[in-house]
Amino acid sequence: MDVDGALRDHGLRRTPQRRAVLDALMGGRAMSAQEVHEAARVTTPELGLSTVYRTLITLSEAGVVDAIGQHDGEATYRLCSGGHHHHLICDTCRRVVELSECDLTAVQDAIAAEHGFSVTGHSLTFHGVCGDCARSGSGAG
Ligand SMILES: [Zn+2]
Ligand SMILES: [Zn+2]
Ligand SMILES: [Zn+2]
C-alpha cells in the first residue's frame, strides 16, 4: 500500500500529519488513536493526540482507512486495500484479515424489501482469535 497513492485516490491533499498517521498504520493491525499517536511520535514528535484523532476521522470519512470495532473503549482504524470487503479480527493481537468475498447481496435485498429501506451498504466484522495467538496459549497475555 502506497500512502501517497492512497491519499491521491481519495482526493486528499498530502500533509505531514496524514502521512505520519498512515505510516503508523502500515503494519496492518487495527489501532486506536492513542496507539497511532505513540507510533507516529517516533518519526513525528510534534504530532499531537488531538491532531491524530482529527486526522483519523478525516481519513475514515474519505474512505482511506476503515473504522473497525473498538479497543479499550477507543475506536480502532486500519489502512485497508480499498473496495468492498469484510473484516476478520483477532481480539488478542488485533491482526486483521480482509475478506473480499461478499455473499450478502441477497440478504441485503431481502432486508431492504422486508423493512422498506433503500439499503446503501453494509459492513461486517468477524471477531476471534488468530492461529498464532491460539497456539501461544492462555496466560501469556
Ligand atoms: Zn477494511
Ligand atoms: Zn492474534
Ligand atoms: Zn459485503
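Numbers here are sequence positions counted from 1. In listed order, ligands and their atoms are each counted from 1.
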Go through the side-chain N and O atoms of Glu98 and Ser81 and say whether any donor and acceptor fall under 3.5 Å apart.
yes
May I ask you to check whether His71 and Asp91 show a side-chain donor-acceptor distance below 3.5 Å?
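Absent: no donor and acceptor within the cut-off.
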Could you tally the protein N/O/S atoms lying less than 2.8 Å away from the Zn ion (ligand 2)?
4
Under 2.8 Å from the Zn ion (ligand 1), which protein N/O/S atoms are there?
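Checking every protein N, O and S atom gives Asp66 OD2, Cys80 SG, His85 NE2, His87 NE2.
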Is any NZ, NE, NH1 or NH2 atom of the basic residue among Glu35 and Arg29 found under 4.0 Å from an Asp or Glu carboxylate oxygen of the other?
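Looking at Arg29 together with Glu35, the answer is no, because their closest N to O distance does not fall below 4.0 Å.
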Check ion pair Asp23-Arg19 (N to O, under 4.0 angstrom)
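Yes, charged N to carboxylate O under 4.0 Å.
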Find out whether Gln34 and Tyr53 are in side-chain contact, i.e. whether some heavy atom of one side chain is under 4.5 Å from a heavy atom of the other.
yes
Arg14 side chain to Asp4 backbone, donor-acceptor under 3.5 Å:
no
Measure the [atom1]-[atom2] distance between [X] and [Y] for me, rounded to the nearest 0.5 Å.
X	Y	atom1	atom2	result
Leu47	Thr55	CG	OG1	6.5 Å
Thr58	Arg13	OG1	CZ	11.0 Å
Ser60	Ile68	OG	CD1	11.0 Å

To check your reading of the site, what angle at the Zn ion (ligand 3) do SG of Cys102 and NE2 of His122 form, to 10°?
110°
Could you please compute the angle at the Zn ion (ligand 3) from NE2 of His84 to NE2 of His86, rounded to 10°?
110°
Are His127 and His87 close enough that their ring centres sit under 6.0 Å apart?
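No - the distance between ring centres of His127 and His87 does not fall below the 6.0 Å cut-off.
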